[in-house]
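Read through the structure below, which is laid out as C-alpha cells, and then see the notes.
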Amino acid sequence: MYISRAYHITASCHNAKGMRRLGSFLDSTETFYDKLLKSCDLLASLKQIHSSLTSSGLINQAPHLGAQIIIKYTKYGEPKNARSLFNNIHNDKPNSFLWNTMIRAYANNGHCFETLELYSLMRRSDISLNTYTFPFVLKACASESLILEGKVVHGDVIRTGFHSDVYVEAALVDMYSKCGQTNDGRQVFDEMSIRDLVSWTAMITAYEQAERPKEALILFQKMQQEGLLADSVTIVSVASAVGQLGGATKAQAVHGYAICNAFLEDLSVGNSIIAMYAKCGNVEQARMFFGAMRAKDLISWNSMLSGYVQNGQASEALLLFEEMKDSECKPNPVTALILVSACAYLGSRELGRKFHDFVIGGNIKIDATLWNALMDMYAKCGDLDTAESMFNDIHPSERNVSSWNILISGYGMHGHGQKALEFFTRMQEKGIKPDHITFTSILSACSHGGLIDEGRKCFADMSKLSVKPEVKHYACIVDMLGRAGSLYEAFDMIRQMPLLPNDSVWGALLLACRIHGNTELGEIAANNLFQLEPEHAGYYVLMSNIYAASNKWQEVGRLRQDMKNKGLKKPAAFSVIELGKEIHGFHTADQVNTHWKEVYRKVEILAAEIKMAGYVPDLSCTLHDVEDEDKEQMLYYHSEKLAVAYGIMKTDPEIAIRVTKNLRVCNDCHSAFKFISYIYRRKIIIRDANRFHHFEGGTCSCKDYW
DNA sequence: TTAGGGTTAG
C-alpha cells in the first residue's frame, strides 16, 4: 500500500507543495519500515521488507534501514544475503557506517574470517576507518585467537590515531587476553589515560581467564580504591577468581557483596556464585544457594552438576540430573560432558553406556570434546577396546592431542605400559606434538607398568621436544623411581629439581618410603608435608604406617596425638562394587551394609582358603599396636576385601568383579586378591585413585606393588 | 544520524 501511495505522490510532484508532501511521506515511510524491521523476527517477512525497500529505491536513501536488514540476515544465518545487500546499496558518498555494520554483523555471528576479509578491503578502499570499526574487528581476532592479525589491527589503531578511544582500548585489552597475551593487554591497560568500569573489568577478567586470580583480585581492590563501583559483570569475574583461589571467607564476602548490590537479579551472577562455592570445596553451600534460586537456567544446572563432580560427589551429580529431567531445562552437550565424566569418575561402564545411549537418543550433538570425553569414560571404566575403536573412528586429520592422550593415559592406568609407549611413539610419527598432559600420562604409565628405563628416557625426551618439566612431572618420576625402590635417586631428583617441590612430590617419596620401609627418608618427606599441608590426615597416616611397620609405637602414638590435637581424622576408606545395575558400597569394618554379617563370614572363609595356598597376611598394613591375631582380623574387614567377597557371593564365576576404592589399595589386599583370583579363577579389577589393578590367575597387571 | 568495549557451565 505504501509503495503504491509513493508512486502516486511522486507522480504529482511537479511543484513545491508536491515536493513537501513527498518529503514528509518519505519520513513517515522510513519510520514505518523502521518499526516494521524492529518487530520483524521471521526470515520470510525480512525478505519481503527487503524486496519492498529495493523496489521503492528507499534502500539507497536510508542506510540505517539497510543496516538493520544486514544485521538480521546475518543473525538468521543468511550472511550471504546480508553481503549481497551490502554490495548492492549505492550511496552517493562513501559510507563508513554501512561498512562497520557489515563488519559488526560478521563479527557478532562468528564469521571471523569474513570480518577480517572485509576489514582488509576497507583498509585498501577510500572508506575511512573510525572508532566503531576497531572493536568489531578486534572481537573477531579475539574469538579465534588470531594474535598476528590482532597485532596488525593494533598497528592500524595507532597509525589512524584512535588509540586513545576508551572503547578501542578495552577491545584491545580483551583481544590480547583472549589470545593468551595477558601482559600485553596489561600494557595497553596501563597506558590508558582514562579507565572506565568496562576497561577495569576487561583487565580483571583477563587475569581470571589466565588463571592468575591473585592479580585479578588485587586489580579489583585497586579499582575500588579509585572510586569505581563494580557492576554485575565485574562480580562474575571476581567470583570466578575467588573460585580459583579458594577460601571460604572471600567467597562469603563476594556473595554478600552481590546481595547488598542486588546483583543476584542477574542470573549470570547467581551461576558464578554456584561455581565459586563449588570450586572452593564448599559444595553444600553451593547446593543451598542453587536450591534457593528463584529462577534457574541451563547454566545453573550445569554449574551445580559440575560442582558435584569436581568435588568427587559423582553420585550426587547423577541424582541431581534426575531432578533436572523434571525441570524446564533440557540437557545440552555440556550437561552430557559433565555426566559422562561423572561416570568415568565412578568407573561405572554400565552407567557410562547408559549416558552414551542417552546422548544418542536425545539428539545431543557429539562434538570432538564430547567424543573424547566418551572415549575417556570407556578407557577409565576399563573398556579399552571400545575406547580404541572410538579412537579409530575419528578421521586421522581430526585426532587431536587429547584423543592421543586419552588412549595413552587409559592404557597406562590399566598397567599396559608397553601399549601406552606404542601410542606415544605413533603419535609422534603422525606429527602430533606431545604436550604436558601426554608426559604426565606416559610417565605415570611407565611407573604403573614398572618400565623404569623407558620412564627415564621419556623424562629426558621432554627437553628435546621443548616441553618444560613441571612439578607434576617431577612427582611422576619420583613416584616411579620410588616405587621401584630407587629411593635415594628419587630423593636426589627432588633436591636437584629447579622448581619448588610441592605436596605431590614429597607425597610420592613418602609413599615409596612406606612401600620400602625407609624411616629416615620417610621422616624428611613427612616433615616437608606437615609444613606444606598441615591439615592433610593422609600423610600422618602414611608416616604412622612407616613407624608401625618398624614397631616404633611411641612415634605412632605421637603422630596420632598430633592428629587428635589438630582435629584430623583418618580419611574413611570406601569401596564400591557394581553388580549389573546395582551399586553396593562398603566402609572398612562395615556394620551398616545390610549384608555385612554374611560378607564377614565369606571374608573369613576366603582368608582361610588363601592361607592354605600360601597367602601370608601383611600385618604392617594395620596401624594398631595390638596382638598380631587381632591385626590379622582387622585386615579381613578392609573395605575392598568386603566388596570383593560380596562380588564372589553374588556374581556368576565368568563375570569380572569390578571394585572402585577411594584410597589406594593396601598391600595386603593386593596380595590377597592375587590368591583369590587364582583359587576362584576369577577376574578381579580394582580401581584406586587413578590406577587399575587387573588380577587374573594369581597375578596382577601392575608392576608397582611390592 | 544510525553503530562500539567487559560476564557464567565445558
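Computation of the quantities below employed the complete heavy-atom set of this structure, encompassing side-chain atoms and omitting hydrogens, waters and symmetry-equivalent molecules. Just so we're on the same page: letters track the sequence lines, and every chain starts at 1.
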Mind calculating the distance between CE (A/M175) and C1' (B/dG5) to the nearest angstrom?
-> 13 Å
Could you give the NZ-to-C1' distance, from A/K296 to B/dT8, as a whole number of Å?
-> 16 Å
Evaluate the ring planes of A/H111 and A/Y106, with Trp represented by its six-membered ring, and classify them as parallel (under 30°), tilted (30 to 60°) or perpendicular (over 60°).
-> perpendicular
Near-parallel close stack of A/Y167 and B/dG4 base (under 5.5 Å, under 30°) | yes
Does the base of B/dG4 carry an N or O that pairs as donor and acceptor with the side chain of A/T131 under 3.5 Å?
-> yes
Side chain A/D231 and base B/dG6 donor-acceptor under 3.5 Å | yes
Answer with yes or no whether A/S272 presents, from its side chain, a donor or acceptor under 3.5 Å of a partner atom in the base of B/dT8.
-> no
Taking the inter-plane angle between the rings of A/H50 and A/Y73 on a 0 to 90° scale, is it parallel (under 30°), tilted (30 to 60°) or perpendicular (over 60°)?
-> perpendicular
Gap between atoms CD1 and C1', on A/I69 and B/dT2 respectively (whole Å) = 14 Å
B/dG10 base / A/N302 side chain donor-acceptor hit below 3.5 Å | no
Would you say A/L46 and A/E78 make side-chain contact, with heavy atoms under 4.5 Å?
-> no
How are the rings of A/Y176 and A/H154 set relative to one another: parallel (under 30°), tilted (30 to 60°) or perpendicular (over 60°)?
-> perpendicular
Can you tell me the distance, in whole Å, between the CH2 atom of A/W200 and the C1' atom of B/dG5?
-> 16 Å
From the list A/V157, A/L172, A/N100, A/I103, side-chain contact (heavy atoms from CB on, under 4.5 Å) partner of A/F134 resolves to A/V157
Report yes if a side-chain nitrogen or oxygen of A/K178 is closer than 4.0 Å to either non-bridging phosphate oxygen (OP1 or OP2) of B/dG5; otherwise report no.
-> no
Length of the CD1-P vector between A/I273 and B/dT7, whole Å | 18 Å
Is a donor-acceptor contact shorter than 3.5 angstrom present between the side chain of A/T234 and the base of B/dG6?
-> yes
Between B/dG5 (P) and A/F136 (CZ): distance, integer Å = 6 Å
Are OP1 or OP2 of B/dT1 and a side-chain N or O of A/Q68 less than 4.0 angstrom apart?
-> no
Do A/N100 side-chain and B/dG4 base share a donor-acceptor contact under 3.5 Å?
-> no
Any A/Q310 side-chain nitrogen or oxygen under 4.0 Å from OP1 or OP2 of B/dG10 = yes
